[in-house]
Amino acid sequence: MKKIIFSIVFLTLGWATSKAQTFNLGVKAGVNLAKLNADFASEENRLGYQIGAWARIGGASFYVQPEAYIGSKGNKFISIQQDNGNEVSAEGKVKFTTLDIPVLLGTKFGAKNLNFRLMAGPVISFVLDENSSFSSAYQQATDFSNYKNQALGLQAGAGVDVGSISVDLRYEAGLSNISKSEKYTQKPNLFQLSLGFKIF
């Protein structure tokens, strides 16, 4: 599935580049409100950051926007469901530093110096660093605290450009299980708010 999604995206990117009327490059920074949706534990959102760069390639209304940024995201588990079905309070924390590479397809409308955008597309996240701690209650969950080094997701959101400044609000839904466990599922999900600046 990964290969099919990224093949379609890169073919679209190649087509958009060949038809491009505009090319913009910029930087961005922002905050994430993230959590890992788990199928047998209760969790809370964690605040993180993102900082990186973006390019925008396209015509009057359609564009492709590849990005690359370093970010932090994580989760706080507050309870766990035991094998007997009882839910007990138990703390677990995990924090990832990731390199995120989304490729977004979008449309924009409005004036040159004030326009609104809608965008969506896949994102692949590479884990650069992981820091986690789990109470003993999680030891029953095989490989629950062992994580893969990458995850695939889907981003969708909206943005506004005012001159060289852009503001984006997006939701990212995890498509792949980042846990190495074959029994338990954990998928990263987050909201992100970012401020960007167009260099040219």
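- When side chains are defined from C-beta on, Val94 counts as touching Leu36, because their heavy atoms get closer than 4.5 Å.
- In the hydrophobic clustering of this structure, Ile80 does not group with Ile78; members are Ile, Leu, Val, Met, Phe, Trp, Tyr whose side-chain heavy atoms approach within less than 4.5 Å, directly or through other members.
- Proximity of a side-chain donor or acceptor of Ser135 to a complementary backbone N or O of Glu91 within less than 3.5 Å is detected.
- Side-chain contact check for Arg117 versus Tyr63: some heavy-atom pair is nearer than 4.5 Å.
- Under a hydrophobic-cluster definition in which Ile, Leu, Val, Met, Phe, Trp and Tyr are linked whenever side-chain heavy atoms come within less than 4.5 Å, directly or via other members, Leu128 and Ile101 are assigned to the same cluster.
- Remark: side-chain polar atoms of Ser61 are not paired, donor with acceptor, to backbone N or O of Lys108 under 3.5 angstrom.
- Residues that satisfy the salt bridge (charged side-chain N to carboxylate O under 4.0 Å, His left out) test with Lys187, not counting sequence neighbours, are absent from this structure.
- Two residues are said to be in side-chain contact when any heavy atoms from C-beta on lie closer than 4.5 Å; Lys95 and Arg46 fail this criterion.
- Once rounded to the nearest 0.5 Å, the distance linking CD1 of Ile178 with OG1 of Thr185 reads 12.5 Å.
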In sequence, state the C-alpha distance, the side-chain angles, and the governing distance for Asn75 and Lys93, and then conclude on side chain to side chain contact (heavy atoms under 4.5 Å, CB included). CA-CA 6 Å; Asn75 193 67; Lys93 295 180 181 178; over 6 Å; no
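- A donor atom on one side chain and an acceptor atom on the other are not found under 3.5 Å apart for Asp168 and Ser194.
- Side-chain polar atoms of Tyr184 and Asn177 form no donor-acceptor pair below 3.5 angstrom.
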Applying side chain to side chain contact (heavy atoms under 4.5 Å, CB included) to Leu114 and Val160, what does each step give before you reach the verdict? CA-CA 7 Å; Leu114 176 60; Val160 60; 4.1 Å; yes
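- One hydrophobic cluster holds both Ile70 and Phe126 under the rule that ILVMFWY side chains link at heavy-atom gaps under 4.5 Å.
- Between Tyr147 and Gln186, the side chains place a donor N or O and an acceptor N or O closer than 3.5 Å (distance only, hydrogens not considered).
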Would you be so kind as to tabulate the donor-acceptor pairs closer than 3.5 Å made by side chains of residues 23-32, with sequence neighbours excluded?
from: Asn24; atom 1: ND2; to: Phe200; atom 2: O; distance (Å): 3.3
from: Lys28; atom 1: NZ; to: Gln50; atom 2: OE1; distance (Å): 3.0
from: Lys28; atom 1: NZ; to: Glu67; atom 2: OE1; distance (Å): 3.1
from: Asn32; atom 1: OD1; to: Gln50; atom 2: NE2; distance (Å): 3.1
from: Asn32; atom 1: ND2; to: Tyr49; atom 2: O; distance (Å): 3.1
from: Asn32; atom 1: ND2; to: Ser72; atom 2: O; distance (Å): 3.2

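- More than 12 heavy atoms of other residues, nucleotides or ligands shown are found within 6.0 angstrom of CD1 on Ile165.
- In this structure the side chain of Lys35 never reaches within 4.5 angstrom of the side chain of Phe191, judged on heavy atoms.
- For the atom pair OG (Ser133) and CZ (Phe77), the distance works out to 11.0 Å, reported to the nearest 0.5 Å.
- For the 3.5 Å distance criterion, the side chains of Thr98 and Ser125 fail to qualify, holding no donor opposite an acceptor.
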Under 3.5 Å donor-acceptor pairs involving side-chain atoms of residues 152-159, not counting sequence neighbours:
from: Gln155; atom 1: OE1; to: Arg170; atom 2: NH1; distance (Å): 2.9
from: Gln155; atom 1: NE2; to: Tyr69; atom 2: OH; distance (Å): 2.9
from: Gln155; atom 1: NE2; to: Glu172; atom 2: OE1; distance (Å): 3.0

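- One distance of note links NZ of Lys180 with OG of Ser145; it measures 10.5 Å at 0.5 Å rounding.
- Under the 4.5 Å side-chain heavy-atom criterion for ILVMFWY residues, a single connected hydrophobic cluster contains both Phe116 and Leu169.
- Residues Ser176 and Pro188 approach most closely at O-CD, 4.1 Å, considering heavy atoms.
- To the nearest 0.5 Å, the span separating CG on Leu118 from CG on Leu105 amounts to 12.5 Å.
- The side-chain heavy atoms of Val167 and Val162, taken from C-beta on, include no pair separated by under 4.5 Å.
- Separation of atoms CG (Leu99) and OG1 (Thr97) is listed at 11.0 Å; rounding is to 0.5 Å.
- Ion pairing of Asp100 with Lys73 is present here, as a side-chain N (NZ or NE/NH1/NH2) and a carboxylate O approach within less than 4.0 Å.
- Within the 4.5 Å cutoff, the side chain of Leu190 has no heavy atoms near those of the Tyr171 side chain.
- The residues Arg56 and Asp161 are annotated as salt-bridged, a charged nitrogen and a carboxylate oxygen being separated by less than 4.0 angstrom.
- The shortest side-chain heavy-atom distance between Thr22 and Ile57 does not fall under the 4.5 Å cut-off.
- Closest approach of Gly92 and Phe134 over heavy atoms only: CA-CD2, 3.7 Å.
- Hydrophobic clustering places Phe197 together with Leu195 (ILVMFWY residues linked when any side-chain heavy atoms are closer than 4.5 Å, directly or through intermediates).
- Scanning both residues, Gly121 and Leu104, for their nearest heavy atoms gives N-CD2, 3.7 Å.
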